[in-house]
Amino acid sequence: MFYKFTFENNKIINVEIPEDGSNYKKSIKKMCPDSKMINKVLNYNSKLSLTKQVNQYYNR
């Protein structure tokens with residue numbers, strides 16, 4: 001989940017989360033300061049996978 005934190009004097013003063021559904025991409029673009037970050041967020045591919053563990057659990 002993507003979050004945007006705004007700090008002031010080392011304290012969090014605001015937390016934003018993206019909208020869902022068809023507004024997700026548009027809200028990410030509003031939250032990110034530059035196009036590199038937008039691309040990283042919208043094209044994120046997790047390297048973590050629990051597929052093997054889930055299959056082992058259900059195939060006992």
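Numbering starts at 1 and runs along the sequence shown. Since the structure is predicted, the reported quantities are computational estimates derived from the model, not experimental observations.
- More than 12 non-hydrogen atoms from other residues, nucleotides or ligands lie less than 6.0 angstrom from CZ of F7.
- Atom OH of Y57 sits in a sparse spot, with 12 or fewer heavy atoms from other residues, nucleotides or ligands closer than 6.0 Å.
- The side chain to side chain donor-acceptor pair (under 3.5 Å) pairs that include a residue from residues 26-44 number zero, where partners must be two or more places apart or lie in different chains.
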Using atom types as modelled, flag every donor-acceptor pair under 3.5 Å from a side chain in residues 8-23 to any protein atom, sequence neighbours excluded.
| from | atom 1 | to | atom 2 | distance (Å) |
| --- | --- | --- | --- | --- |
| E19 | OE1 | N23 | ND2 | 3.2 |

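- In this structure, the separation between CD1 on I28 and CG on L42 is 6.0 Å, given to the nearest 0.5 Å.
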